[in-house]
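Naming: A, B, ... by sequence-line order, numbering from 1 per chain. In this text the structure is predicted, and so the values were computed from the model without any measurement.
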Protein chains: 2
Amino acid sequence: MMKDDEAAITAGLAPARPAGLDRRRRRREETINEILGTAVQVMTEEGVAGLSLSEVARRMGIQPPSLYKYFPSKVALYDALFLRGAQETLDAFSAAAAEAEPGWNALVAGTEAVIRLGLDHQVVAELLNWRPVPGFEPSPQAFAPSVEFVHKIAQQLEIAAARGELDPAAASEEGLALLSVLIAGVFSQQLANEPHATFQQGRYTRLTSRVLELFRSAYPLKEGEQ
Amino acid sequence: MMKDDEAAITAGLAPARPAGLDRRRRRREETINEILGTAVQVMTEEGVAGLSLSEVARRMGIQPPSLYKYFPSKVALYDALFLRGAQETLDAFSAAAAEAEPGWNALVAGTEAVIRLGLDHQVVAELLNWRPVPGFEPSPQAFAPSVEFVHKIAQQLEIAAARGELDPAAASEEGLALLSVLIAGVFSQQLANEPHATFQQGRYTRLTSRVLELFRSAYPLKEGEQ
DNA sequence: GTCTATAGCCTGATAGAC
DNA sequence: GTCTATCAGGCTATAGAC
């Protein structure tokens with residue numbers, strides 16, 4: 001059984017000054033990335049919970065014990081996948097939001113970018129948003145980007161309220177919960193019922209902007225607000 | 001369990017043949033129900049995909065091969081769980097809707113009942129709404145109640161439109177998709193983030209009526225409609 | 001319909017040689 | 001860091017006695 005070790009992040013950063021060590025570290029990171037990529041492939045075929053270290057090793061042409069030089073346990077591998085996925089999600093939101101006008105427009109752009117990313121990396125999205133692996137919970141470090149992500153959404157809600165694009169009540173716990181319900185609804189319906197559709201054509205994802213407008217209409221500006 | 005006591009009691013009273021066959025069939029159904037119930041327990045602890053026939057047998061105090069007298073394979077067991085869950089969901093919706101005024105009120109009552117049922121039977125709800133078991137797809141028979149369920153919702157949308165509670169545009173493919181997005185959003189967020197909360201207290205489920213009102217406002221009556 | 005026994009796989013993880 | 005060898009267990013499913 002899984003010993004339920006510390007789900008430590010194992011992308012160990014050695015102090016490494018000399019040049020030879022640098023190259024070795026780079027090779028190590030490449031191998032780690034190959035393991036993560038192969039793991040995603042396996043999960044895509046066998047389900048998130050169906051990940052098998054033996055199968056990963058088999059596909060990489062190495063022996064299972066070698067994997068333990070990079071990840072001390074299966075849980076640690078899940079943790080690394082979670083961390084990478086959460087960071088990518090945060091980056092996608094930030095990048096899309098940064099290119100739009102701050103406030104409501106940034107929120108819409110960021111949301112769409114995150115849904116698109118999730119469609120492209122479905123198993124990772126499952127790992128991030130649901131709880132498909134009993135016994136696995138992300139470590140605080142792996143979860144940190146997700147926290148930051150929520151924080152950024154709240155920020156944009158506040159900006160939108162300050163700009164008079166939404167009623168200030170939208171920038172609240174309730175507003176955040178409502179927004180997350182709408183986005184999760186679009187995403188989970190699409191994934192469960194039509195996982196291979198594109199964002200544009202998906203029966204549910206194509207409702208994204210309609211749903212976001214619905215959110216906006218839930219917090220209409222009151223008389224006298226800008 | 002108590003099955004043995006019951007068998008002992010009825011053994012002396014049972015008339016010759018016809019009733020004997022009857023009793024045997026009833027016992028068989030009881031065993032099947034016990035298997036299904038135990039399977040739900042195991043899935044609750046180990047995840048939907050973590051269901052193990054050996055573990056079911058262990059908890060029932062029988063040997064694994066005995067299970068094969070009732071279900072020819074593990075997939076067949078999943079299928080039976082799916083069928084039972086889908087039927088219960090349909091029944092819950094129908095019962096709640098029947099007690100309310102047909103149309104919008106019935107839709108609201110039915111929706112709430114289904115979400116409550118899902119909260120009480122979370123693993124079954126996962127099996128019904130997501131795809132947690134790679135390689136398992138419900139058979140047409142097991143899926144039939146789900147089809148009927150969607151049909152009933154569409155019916156109530158039409159009734160609501162006919163009664164002038166919604167714009168007729170709500171009774172469309174798009175309206176159905178939008179409604180399913182909203183309900184799935186509430187449910188999946190609650191399950192993923194606060195699975196142990198009650199319907200009343202859940203950070204997301206308590207938004208249910210707010211979200212349904214939002215749906216209604218997405219299809220406002222036009223001038224001149226009743 | 002229950003059981004024992006077992007086939008024929010799979011898994012995660014460790015020890016230790018090279 | 002790679003390997004072989006192996007532990008110690010898990011699993012689904014089948015065969016056949018009772």
Set of residues satisfying side chain to side chain donor-acceptor pair (under 3.5 Å) with respect to Glu194(B), sequence neighbours excluded: Gln190(B), Arg203(B)

Phosphate OP1/OP2 of dG1(D): any Arg24(A) side-chain N/O under 4.0 Å: no

Pairing residues for Ser139(B) by the side chain to side chain donor-acceptor pair (under 3.5 Å) criterion, not counting sequence neighbours: Asp79(B)

Contacting residues from residues 71-83 of chain B, given that a heavy atom lies under 4.0 angstrom of DNA chain D: Ser73(B), Lys74(B)

side-chain contact (heavy atoms from CB on, under 4.5 Å) partners for Gln200(A), two or more places apart: Arg116(A), Thr198(A)

Within-4.5 Å side-chain heavy-atom neighbours: Thr111(A) and Gln156(A): no

Salt-bridge criterion met for Arg26(A) and Glu29(A) (N-O under 4.0 Å): no

Strand-adjacent residues in residues 47-57 of chain A, judged by heavy atoms under 4.0 Å from DNA chain C: Leu51(A), Ser52(A), Leu53(A), Ser54(A)

Partner set under side chain to side chain donor-acceptor pair (under 3.5 Å) for Glu45(A), not counting sequence neighbours: Arg59(A)

Set of side chain to side chain donor-acceptor pair (under 3.5 Å) partners for Ser66(A), sequence neighbours left out: none

Distances under 3.5 Å only, N/O to N/O: pair up the protein atoms with those of nucleotides 2-4 of chain D.
residue	atom	partner	partner atom	Å
dT2(D)	OP1	Tyr70(A)	OH	3.4
dT2(D)	OP2	Tyr70(A)	OH	2.8
dC3(D)	OP2	Gln63(A)	N	3.2
dC3(D)	OP2	Ser66(A)	OG	2.8

Whole-Å gap separating P (dT12(D)) and CZ (Phe136(B)): 16 Å

Between dG1(C) (C1') and Glu30(B) (CD): distance, integer Å: 15 Å

Partner residues of Phe93(A) under the ring pair (Phe, Tyr, Trp, His ring centres under 6.0 Å) criterion, sequence neighbours left out: Phe149(A)

Partners passing side-chain contact (heavy atoms from CB on, under 4.5 Å) against Glu99(A) (at least two apart in sequence or in another chain): none

Rounded interatomic separation in angstrom, taking CZ from Arg25(B) and C1' from dG1(C): 18 Å

Of all pairs that satisfy side chain to side chain donor-acceptor pair (under 3.5 Å), the ones with a partner from residues 170-181 of chain A, not counting sequence neighbours: Glu174(A)-Tyr219(A), Glu174(A)-Arg210(B), Ser180(A)-Gln189(B)

Ring pair (Phe, Tyr, Trp, His ring centres under 6.0 Å) contacts touching residues 33-81 of chain B (sequence neighbours left out): Tyr78(B)-Phe136(B)

Rounded distance in Å - OH (Tyr68(B)) to P (dT14(D)): 7 Å

